[in-house]
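Below, chain A is the first sequence line, B the second, and so on; all start at residue 1.
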Number of protein chains: 2
Amino acid sequence: MSEKRRITLKDIARELGISVSTASRALNEYPGISEETIKMVQDFAKKHNYVPNSIAVNFRKNKTMTIGMVVPEVVHYYFSSIISGALDAATKKGYRLLISQTEEKAELEMHACHAMLAGNVDGLLISISNETSDVSHIQEFLDEGKPVIQFDKYSDKLKTPKVITDDYQGAHGAVKHLIEQGYKKIAHINGLENVQNSVDRLAGYRQALIDHHLEQHPEWIPHCQQITEEEGYRFAKQLLESKNPPDAIFCITDLVALGAMNYLRESNRKVPEEIGVMGFSNWKISEVMQPSLSTVEQHGYQIGLRATELLIESLQSNDKSLRDQKIEIQSDLMIRNSTLRKG
Amino acid sequence: MSEKRRITLKDIARELGISVSTASRALNEYPGISEETIKMVQDFAKKHNYVPNSIAVNFRKNKTMTIGMVVPEVVHYYFSSIISGALDAATKKGYRLLISQTEEKAELEMHACHAMLAGNVDGLLISISNETSDVSHIQEFLDEGKPVIQFDKYSDKLKTPKVITDDYQGAHGAVKHLIEQGYKKIAHINGLENVQNSVDRLAGYRQALIDHHLEQHPEWIPHCQQITEEEGYRFAKQLLESKNPPDAIFCITDLVALGAMNYLRESNRKVPEEIGVMGFSNWKISEVMQPSLSTVEQHGYQIGLRATELLIESLQSNDKSLRDQKIEIQSDLMIRNSTLRKG
DNA sequence: TTGAAAGCGCTACCAT
DNA sequence: ATGGTAGCGCTTTCAA
């Protein structure tokens, strides 16, 4: 079991007959240390496999080089893409990433944030849960002078930068495409009414209809509570069985579109000929569906990357001019078969 | 900007006219402290929102309550499920989870492990990359007495517990099911020959054929290099166009099965009537494919949970009797339409 | 039941 | 160019 104890600066100093401060300075190549001392110390350190005790360094410097990241769900294509981008940006800059998930529960989010704060992360990346309305647990970071970046789902109560998908434009472009394909009665299965993404996508949808003078009906805009496949199925059924059925459905997310497609297949409606279906997010399932699903790519990786870079910038400078801006990452329309009526 | 400085034990002691040690003991409810002192200190702490400086605590106790987790890819259904389980287990026990991804590159894995070690994680959870053969960067943890648990992809060179899918049984059951459905010429698109999962699944496949006295051909066992959809397509084509084409294909993973299904659809072969297709992993795409794909559920969440619990147990006890065991999480056959010829 | 003080490993200030 | 030393916030041993 002979566990090797790591050697410390003190050991190096003693062995080399120099002082601890000299050893420290040599290792960190401070100015005012002779070349030979630097070489001697660094050689010794390498030879004996010296690894600085980062806890002690953190303690002394009162920072941890650690970023906390709080997301609703890890098992989710979009969020895992964001995490991947954040991981790469953090690693590149020498930061570490601590991750927590909240399962969309306000209480778990509060716990996670408190744990992050108590654990002395240098800054926070967070996408709030659907349940969250009180954001004081996040405000605490700002009160302590620790930068926070919100991404994806955010609260306007917090004066922080926000890195988000261009939901309005994404939705607008998606619906415009449906219109160009000749669909005229376009429904939208929307999300929760108090979540900003849903609000923005709804606004983009509405504007596209207005732009092209198409009819609008409140009944054509059901709201999901859970954003599930089952809701997609149920709302598609409800829409198609109504007195004034739409000829296209724009869904708040690919999973909802999957449910809608399942209903359409079961009820023998032809997609895209009779009904057009559009998703949002570009999950792998959108490629796999039959017919393949047109959707909107959100570039999760870019969002994670950008949010993390922004956080690190603010960690490294004292310029807080970043505060409260919105950075929108451009989405891309992915045209597949579920909306391709022409050519 | 008035950043609130956090209050320290010293502040509490000074304000309350007691010593720092008494304050510490009262907060941690050590024996031999009067009820009233405990109450006084804890009330004061709560009132002034005292949060212990965890860096100092860590420093003092020489542990971080942090677990390092290294995976090949975060954007991957199976791995994100594992992460989710690990996150939940860690959180429950008061540990934090630091995550790194290696992109299946040995060099990035080495960097990630060194960063974890330098960052003083208490223990390591790792699934090695396909490229990894030298494992000295992981051995270093063991040399320092830090527990390591391997999961999913592992190396036998490391004497650590391994939490893995029951690949042999999973593959065996999957092929047995194909045989029971009446398929007689069963091919297997396998993975890398030096990766244990592939080896075990191949062994399960072979044994099932032997059990039922079915023919075996080396040409029926192509090996993927990247485990991609494209390879699935290519190998399915190669198999079906060969002189002795199989009537069923067992694929190393769902993504490969997707590629195979794409080829079969394009070449107008009926699944499951003419050709049976079986995947492995139970990704969301397997449900979505037309026809839906039979596959093997790997219970990633359970693997992450179990691996983390195991690590924490070993962190909290000195009983190292866990060493070098293999814990196999039972997989489950998911029968869908791609193999359902009867009934 | 409480206090005083050492010390974890390192950095940085003040000397020389 | 180098050494001595204080001190970060906390826990823990020893003493009272």
Donor-acceptor list for residues 66-76 of chain A side chains, cut-off 3.5 Å, not counting sequence neighbours:
| from | atom 1 | to | atom 2 | distance (Å) |
| --- | --- | --- | --- | --- |
| A:Thr66 | OG1 | A:Thr64 | O | 3.0 |
| A:Thr66 | OG1 | A:Arg96 | NE | 3.2 |
| A:Thr66 | OG1 | A:Arg96 | NH2 | 3.2 |
| A:His76 | ND1 | A:Tyr78 | N | 3.3 |

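Here D:dG3 presents its P atom at 10 Å from CG of A:Leu16, a figure rounded to the nearest Å. Rounded to an integer number of Å, the gap from CD1 of B:Ile55 to C1' of C:dC8 is 14 Å. Per the geometry, CD belonging to B:Glu29 stands 14 Å off P belonging to C:dT2, to the nearest Å. If you measure from atom CG of A:Asn58 to atom P of D:dG9, you get 14 Å, rounded to the nearest angstrom. Note: CZ (B:Arg14) to C1' (D:dG9) measures 14 Å, nearest angstrom. Rounded to whole Å, the distance from CG on B:Asn62 to C1' on D:dC10 is 14 Å. Regarding B:Ile33, its CD1 atom lies at a distance of 10 Å from the C1' atom of C:dG3, rounded to whole Å. Protein atom CG of A:Asn120 is 12 Å distant from nucleotide atom C1' of D:dC8, rounded to whole Å.
B:Gln150 places a side-chain N or O within 3.5 Å of a backbone atom of B:Ser155 that can act as its donor or acceptor partner. Using a distance-only test at 3.5 Å, with no hydrogens or angles considered, no donor-acceptor pair links the side chain of A:Thr160 to the main chain of A:Ile149.
Applying salt bridge (charged side-chain N to carboxylate O under 4.0 Å, His left out) to B:Asp43 and the options B:Lys47, B:Lys39, B:Lys46 leaves one that passes, B:Lys39.
Of the two residues contacting DNA chain C, namely B:Phe59 and B:Gly32, the nearest-nucleotide position lying further toward the 5' end is that of B:Gly32.
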The contact string for nucleotides 10-16 of chain C, one letter per nucleotide 5' to 3', using protein heavy atoms under 4.0 Å with B, S and - for base, sugar-phosphate only and none, comes out as BBBB---

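Using a cutoff of 4.0 Å between basic side-chain nitrogens and carboxylate oxygens, A:Arg14 and A:Asp11 are scored as salt-bridged.
When heavy atoms are screened at a 4.0 angstrom cut-off, B:Ile18 is found touching the sugar-phosphate backbone but no base atom.
Closest contact between the side chain of B:Thr37 and the listed nucleotides D:dG3, C:dG9, C:dT1 involves C:dT1.
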Take B:Leu315 and B:Lys93 through the test side chain to side chain contact (heavy atoms under 4.5 Å, CB included) and record every step on the way to the result.
-> CA-CA 11 Å; B:Leu315 244 23; B:Lys93 303 276 187 173; over 6 Å; no

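Contact record, B:Glu140 with B:Leu117: OE1-CD2, 3.5 Å, taken as the closest heavy-atom pair.
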